[in-house]
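Worksheet: one structure, shown below.
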Number of protein chains: 2
Amino acid sequence: MAQSAKNKRDTYHVGNLAPQLLSAAAELLAEVGPAKLSLRAVSERVGVSSTAAYHHFANRTELLSQLAAQGFDELGRVLRQRDDGASLNAKLRGGVRTYFAFARRNPALYQLMFGAELATEDMSPALRIAREAAFGELKQLIAEVLAKPLDSSEVRSAALASWSYTHGLASLVIHGVLQPPAEGGDEAFVMKGLQGLSLLLQVGMNSASER
Amino acid sequence: MAQSAKNKRDTYHVGNLAPQLLSAAAELLAEVGPAKLSLRAVSERVGVSSTAAYHHFANRTELLSQLAAQGFDELGRVLRQRDDGASLNAKLRGGVRTYFAFARRNPALYQLMFGAELATEDMSPALRIAREAAFGELKQLIAEVLAKPLDSSEVRSAALASWSYTHGLASLVIHGVLQPPAEGGDEAFVMKGLQGLSLLLQVGMNSASER
DNA sequence: AAAGAATCTTGACAGCGATAAGATTAAGCC
DNA sequence: GGCTTAATCTTATCGCTGTCAAGATTCTTT
């Protein structure tokens, strides 16, 4: 009669299966990665039949989409909480560091969020919105650093470009192409890259608006 | 008796199956992407039984690895041919443009080269070598732009960082997160990002070696 | 020409996503 | 309360996948 949480888990009707499936899927995702995450394994972990999930999610893709959307929500959240008193460069560095740390903390989730698995044109609207919101946080941060209006063209390119750099670095590290040196850790690694990039652009970008 | 090219393709012994499988796989890769590339489809395209490939490749992963290695070879090749008389910034821009264009031209191959599919610790040595060689070309280019020794720490970080930026941009575009605007095309898109990044780093990186 | 190795096919197995049809429980209605 | 209906979960099954084992065919070597 307790209408919310059902305790009789030995047979049949579980009750609020969807969230249980989602959290089991999140666990498994971290363990085996996005490609090898099977609905059967998720169902088994919850203790339910292999096809039970289909009454709560249209298919595997929808379950993964919701996981990814949760990821973008979380990413947006960590990007939002920043030190308002910080200097401009501290703000920029902090953002990059936070983003990179998120990716490193949740490599499998990050792969799912930015991988090919969900990158179809009929992508879930909720996922698309969550992603845009996360990118919005990023633009907000860049706008503060540049002290320019949020939707100016400079802010957009700069946000896009700094996103590309950080995402690229995270992606290369997560996929084992690069590995941050043991000494100094990720922090120093990311910052050194930023410095290298700064130097390079100083040398190689002194003609402003060609073309 | 012609020992190299066998023409009797109606039955049995095909002869030099491996390259045929590879090129069929390359075609299919471009059509369906790395995740959905099945050995059965490859075999069928060549006109051979589903398990024939196992006499030339240990498993699916090895076939994909060879495809990816070919990709890195090609990438290294296009990066190597650059205009020696160009200015520093033209050289840098040219490299970025070439790299990005390669990724755009072969999105599925690029996904395979940098995706999770082959990113295991027991990765094929040949693939690892091919990847290192391609990165070597990149470092070479950056060394020229910076006019510094090839294995200096500045060149390494700058190469790594510019790679991260370009890879990140390519990755975001290929996975549908960003899309280059119709007007101007990829070229302008990439360059605008570089400018945005340059501006941002000017503003946000004025303290050199903080910790 | 015979023997052995290389190459390709047939047959089979387990795991996957997904659908259809049936069993069980909950909720709504009188 | 009891009946009806909808929601939930299970069982059975399909087609597809990678992979292995065993047999058939062809090439190579002697």
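All heavy atoms count here, side chains included; hydrogens, waters and symmetry mates do not. Letters A, B, ... are given to chains in the order of the sequence lines, protein chains preceding strands, and every chain is numbered from 1.
- Side-chain atoms of B/Thr51 and base atoms of D/dT19 include no donor and acceptor less than 3.5 Å apart.
- OP1 or OP2 of D/dC9 has at least one side-chain nitrogen or oxygen of A/His56 nearer than 4.0 Å.
- Going from atom CG of A/Leu17 over to atom P of C/dA26 covers 14 Å, rounded to whole Å.
- Residue A/Leu63 is classed as having no contact, given no heavy-atom separation below 4.0 Å to the nucleic acid.
- Among the heavy atoms of the strands lying under 4.0 Å from B/Ser38 are primed sugar atoms or P, OP1, OP2 only; no base atom is included.
- No hydrogens or angles were tested; on distance alone, nothing pairs the side chain of A/Ser50 with the base of D/dT10 as donor and acceptor under 3.5 Å.
- At whole-Å resolution of the value, NZ in A/Lys36 and P in D/dT17 are 18 Å apart.
- Here the nucleotide nearest the side chain of B/His55, chosen from C/dA18, D/dT11, C/dC8, is C/dC8.
- We find that CD of B/Gln20 is positioned 9 Å from P of C/dC8, with the value rounded to whole Å.
- The aromatic rings of B/Phe189 and B/Phe100 sit tilted relative to each other, their planes meeting at an angle between 30° and 60°.
- One atom, CG of B/Leu28, and another, P of D/dG18, lie 11 Å apart when rounded to the nearest Å.
- Remark: C1' of D/dG18 and CG of B/Leu64 are 12 Å apart, rounded to the nearest angstrom.
- In this structure, CD of B/Glu44 is placed 12 Å from P of C/dT9, rounded to the nearest angstrom.
- A/Gln70 and A/Glu74 share no side-chain donor-acceptor pair at under 3.5 Å.
- When each of A/Ala41 and B/Ser49 is assigned the nucleotide of DNA chain C bearing its nearest heavy atom, the one mapping closer to the 5' terminus is B/Ser49.
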B/Val96/B/Leu169 under side-chain contact (heavy atoms from CB on, under 4.5 Å): CA gap, chis, key distance, verdict: CA-CA 11 Å; B/Val96 170; B/Leu169 197 64; over 6 Å; no

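- Distance from the side chain of B/Leu39 is smallest to D/dG18 among D/dT10, D/dG18, C/dT19.
- Regarding A/Glu62, its CD atom lies at a distance of 14 Å from the C1' atom of C/dA18, rounded to whole Å.
- One atom, CZ of B/Phe57, and another, C1' of D/dT19, lie 16 Å apart when rounded to the nearest Å.
- One finds the CG atom of B/Leu28 at 13.0 Å from the NZ atom of B/Lys36 (value rounded to the nearest 0.5 Å).
- The side chain of B/Tyr54 has D/dT19 as its nearest neighbour among D/dT19, C/dC8, C/dT19.
- Within the model, atoms CZ of B/Arg60 and CG of B/Leu37 stand 6.0 Å from one another, a figure rounded to the nearest 0.5 Å.
- Side-chain proximity of A/Arg40 to D/dT19, C/dC16, C/dT9: nearest is C/dC16.
- Among the nucleotides D/dT10, C/dA18, D/dG18, the one closest to any side-chain atom of B/Arg60 is D/dG18.
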